[in-house]
Amino acid sequence: MNRPEPPPRVRFAPSPTGSLHVGGARTALFNWLFARGRGGAFILRIEDTDRQRSREDLSREIIEELAWLGLDWDEGPIFQSRRAGLYLPAAEELLERGAAYRSEPDTEGKTAIILRVPPAEITVPDRVYGAVTVSAAELKDIVLIKSDGSPAYNFACVVDDHDLGITHVIRGDDHLPNTPKQIILYRALGWEPPAFAHLPLILGPDKSPLSKRHGATSLKAFREAGILPDALVNYLSLLGWSPGGDRELMNRDELVREFSLEKVSRKAAVFDHQKLVWMNGRYIQEAAPADLVRALRPLLAGTGWEPVPDGRMEEAVILLGHRLKTLADFPDLAGFCLQGEIDYNPEAVAKYWSGEDVPEILAEVRGTIAAADPFAREELEAALRGLAERRGVKGGVLLHPLRVALTGRKDSPGVFEILSLLGRETSLARIDRAAAFLARRT
RNA sequence: GACCCCGUCGUCCAGCGGUUAGGACACAGGCCUUUCAAGCCUGUAACACGGGUUCGAUCCCCGUCGGGGUCGCCA
């Protein structure tokens, strides 16, 4: 006999005084998952009542990064600064009723409106922490309207949440001590408080709260480092939550289906960048090459590369896809097959080009490659292995020097794949260049 | 300091009175192999401590210790 709950209405309410960081993103994500899993509404509200510290460019950035993460909202963005008319009447009503009073005028003669808080004991029913009781002897009177006329945080928050019909307030742990005050506010106003759920904090490796000194923690930084939004969503979902059991790799649909507040942890979690990067690699492996090419484009802007057509990029992505942990690895790994000039890595030269017979080997390899017909992976492998056999050596003796000639590096995908990607002309040109390099050396 | 929260491998999670305490990242070794990755296999590694309750505690209760949060006319 479970009566259907009305669809929930939740909100994410960042203040534009800093970039959106992983902690905020995780809060947004949990709200989003909760709403999407229950046919509810996810509302974006920008808390910009602090006129000094709020910045419009940061509002824009937060909105953009949320969109990048794929957390779409149903209402908003709603800016608190544009709904000033809402707060004052509510405060004045409390004033008239004698529940609130005006502060002593400051030096400029302005006054604040403050709620009188009688000593009481407040119990916060929390969906994550259970019942948290605060002996409210220490609760002080609560500022409603600051003397500059703008609403104070707790008041604005309550008025807005009520006005928007918010049913579940899901937010960071650091707000837990605020909650008794907000419940007092709801009661004073004669409103029914929403359900509350507080999320544990995200810490840095030294167990202190995650901050700038732990490196890049803004979403913008993750995007620029080549982290895929799907990977970040999956990783973040597992910080302070799990579906139970051993499942880790889950797409959005699965997360939406599985998420519940009951399984949210009460323990702060350390952000593990390495695991994020690992997970990102898994998502890159499974991504469609065309999608990766699209995601790669903005990252190539800063490399000074010659333009590369999509088709060519896609071939490179297919060749290298399994080796990428982040998109940012791509320029270094793919340069040899997408750009004209290659540099010879000194270690590669020392390791694979030091032998006396390398020029001769390359010459023979060149001949074999020149004669390959058709110029395709299978035929090239057969021909080069045949050459090794005739010379009585293992394949590597030929392949290593050739790899350096083709890529300039000591590590790369398979040589035969590279040959067929580069084509006969480029392959031969690179071998010739290597021969010239070696001739000059002696 | 006061109030509140938390405490399982280095890290993220599983466990919800009886388990050889499980998975993942990282780390180590192996397989594969033309290199490096990837992939596959194996291994190292944890219930903070002390009291209870119980036939039996990682799990329930109390304390200690440790970590964190909040104490603004910031949000």
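Lettering follows sequence order; numbering is per chain, from 1.
Here the rule is side chain to side chain contact (heavy atoms under 4.5 Å, CB included) with A:Thr217, and of A:Leu20, A:Ile202, A:Leu210 only A:Leu210 fits it.
Annotation for A:Glu56: atom CD does not count as buried by contact number, only 12 or fewer foreign heavy atoms lying within 6.0 Å.
Summarising the base pairing, B:U53 is matched to no nucleotide, lacking a Watson-Crick or G-U wobble pair whose two defining distances lie under 3.5 Å. Nucleotide B:C40: paired with B:G30 (Watson-Crick or G-U wobble, both distances less than 3.5 Å). With a 3.5 Å ceiling on both atom-pair distances, the Watson-Crick or G-U wobble partner of B:G66 is B:C6. Pair assignment for B:U58: none, as no Watson-Crick or G-U wobble contacts are both less than 3.5 Å. The pairing partner recorded for B:U35 is none, the criterion being a Watson-Crick or G-U wobble arrangement whose two distances lie under 3.5 angstrom. With a 3.5 Å ceiling on both atom-pair distances, the Watson-Crick or G-U wobble partner of B:U11 is B:A24.
For B:G10, neither phosphate oxygen OP1 nor OP2 lies less than 4.0 angstrom from any side-chain nitrogen or oxygen of A:Lys207. Under 4.0 angstrom from either OP1 or OP2 of B:C25 there lies no side-chain N or O belonging to A:Arg282. Residue A:Thr17 has no polar side-chain atom (N or O) positioned under 4.0 Å from OP1 or OP2 of B:A75.
Ring planes of A:His273 and A:Phe271: tilted class, angle from 30 to 60°.
Contacts of A:Val132 with the nucleic acid, taken as non-hydrogen atoms under 4.0 Å apart, involve only primed sugar atoms and P, OP1 or OP2. Residue A:Ala269 is classed as a sugar-phosphate contact, given heavy-atom separations below 4.0 Å to backbone atoms only. Looking at heavy-atom distances under 4.0 Å, A:Gln285 makes contact with sugar-phosphate atoms alone, never a base. Residue contacts shown for A:Arg51 are absent, as no nucleic acid heavy atom lies under 4.0 Å away. Heavy atoms of A:Pro413 sit under 4.0 angstrom from at least one base atom. Within the 4.0 angstrom heavy-atom criterion, only backbone atoms of the sugar-phosphate kind lie near A:Thr49; the bases stay farther away. If you check every strand for non-hydrogen atoms under 4.0 Å, A:Gly240 touches sugar and phosphate atoms only.
Each of A:Tyr129 and A:Ala152 was matched to the nucleotide of RNA chain B holding its nearest heavy atom; the match closer to the 5' end belongs to A:Tyr129. A residue-by-residue look at A:Ser265 and A:Gly395 shows that A:Ser265 has its nearest nucleotide of RNA chain B further toward the 5' end.
Residue A:Arg55 contributes atom CZ, which lies 17 Å from atom P of B:A75 at whole-angstrom precision. A straight line from CD1 of A:Ile202 to P of B:C6 spans 18 Å, rounded to a whole angstrom. One interatomic measurement links the two molecules: CG of A:Asp174 to C1' of B:G72, which rounds to 15 Å at whole-angstrom precision. In this structure, A:Lys275 atom NZ and B:C12 atom C1' are separated by 5 Å, rounded to whole Å. One interatomic measurement links the two molecules: CG of A:Asp50 to P of B:C73, which rounds to 13 Å at whole-angstrom precision. Atom-to-atom, CG of A:Asn234 to C1' of B:C13 comes out at 13 Å; the value is rounded to the nearest Å. One interatomic measurement links the two molecules: CD of A:Glu121 to C1' of B:C4, which rounds to 13 Å at whole-angstrom precision. One atom, CZ of A:Phe196, and another, C1' of B:C5, lie 17 Å apart when rounded to the nearest Å.
The same atom, C1', is picked in B:U19 and in B:C47; the two are 13 Å apart, to the nearest Å. Distance check on atom P: B:U53 versus B:C12 gives 34 Å, rounded to whole Å. The gap from the P atom of B:A75 to that of B:U70 amounts to 15 Å, rounded to the nearest Å. B:G56 and B:G17 have their C1' atoms separated by 7 Å, with the value rounded to a whole Å. The separation of B:U58 from B:C49, taken at their P atoms, amounts to 10 Å, rounded to a whole angstrom. As rounded to the nearest Å, B:G18 and B:U11 have P atoms that lie 26 Å from one another. Only the C1' atoms considered, B:G7 is 12 Å distant from B:A46, to the nearest whole Å. Taking the C1' atoms as reference points, B:A21 lies 13 Å from B:A57, given to the whole Å.
In the set B:C13, B:G69, B:C6, B:C6 carries the atom at the smallest distance from any side-chain atom of A:Arg266. For A:Lys267, the listed nucleotide lying nearest its side chain is B:C6; candidates were B:C6, B:G10, B:C73. Of the candidate nucleotides B:G68, B:U70, B:C12, B:U70 has the atom lying nearest to any side-chain atom of A:Pro177. Distance from the side chain of A:Leu176 is smallest to B:C4 among B:U34, B:G69, B:C4. Distance from the side chain of A:His322 is smallest for B:A38 among the nucleotides B:C4, B:A38, B:C25. Taking every side-chain heavy atom of A:His175 into account, B:A75 is the closest of B:A24, B:A75, B:C71. Distances were taken from every side-chain heavy atom of A:His400 (C-beta onward) to each of B:U34, B:A75, B:G72; the shortest belongs to B:U34. In the set B:G23, B:A26, B:C73, the nucleotide with an atom closest to the side chain of A:Trp278 is B:A26. Looking at the side chain of A:Gln274, the nearest of the listed nucleotides B:A26, B:A75, B:C6 is B:A26. The side chain of A:Tyr352 lies closest to B:U35 when the candidates are B:C71, B:U35, B:U11.
At a threshold of 4.0 Å, the pair A:Glu315-A:Arg312 counts as salt-bridged, since one of the basic side-chain nitrogens sits closer than that to a carboxylate oxygen.
One donor-acceptor pair, N or O on each side, does fall under 3.5 Å between the base of B:A75 and the side chain of A:Asn178.
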- Message: Apply salt bridge (charged side-chain N to carboxylate O under 4.0 Å, His left out) to residues A:Arg282 and A:Glu248 and explain how you reach the verdict.
- Response: CA-CA 12 Å; A:Arg282 295 294 303 257; A:Glu248 291 204 314; over 6 Å; no

- Message: For A:Arg252 and A:Asp230: C-alpha separation, side-chain torsions, deciding distance, then whether salt bridge (charged side-chain N to carboxylate O under 4.0 Å, His left out) applies.
- Response: CA-CA 8 Å; A:Arg252 281 173 206 259; A:Asp230 284 349; 2.8 Å; yes

- Message: I'd like to know whether A:Phe30 forms a ring-ring contact (aromatic ring centres under 6.0 Å, His included) with A:His168, so could you lay out the CA-CA distance, the side-chain angles of the two residues, the decisive distance to 0.1 Å, and finally the verdict.
- Response: CA-CA 11 Å; A:Phe30 282 22; A:His168 296 71; over 10 Å; no

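A distance-only check finds no donor-acceptor pair linking the side chain of A:Asp48 to the backbone of A:Arg55 [under 3.5 Å]. Under the 3.5 Å distance criterion, the side-chain polar atoms of A:Arg424 are matched with a main-chain donor or acceptor of A:Ile369.
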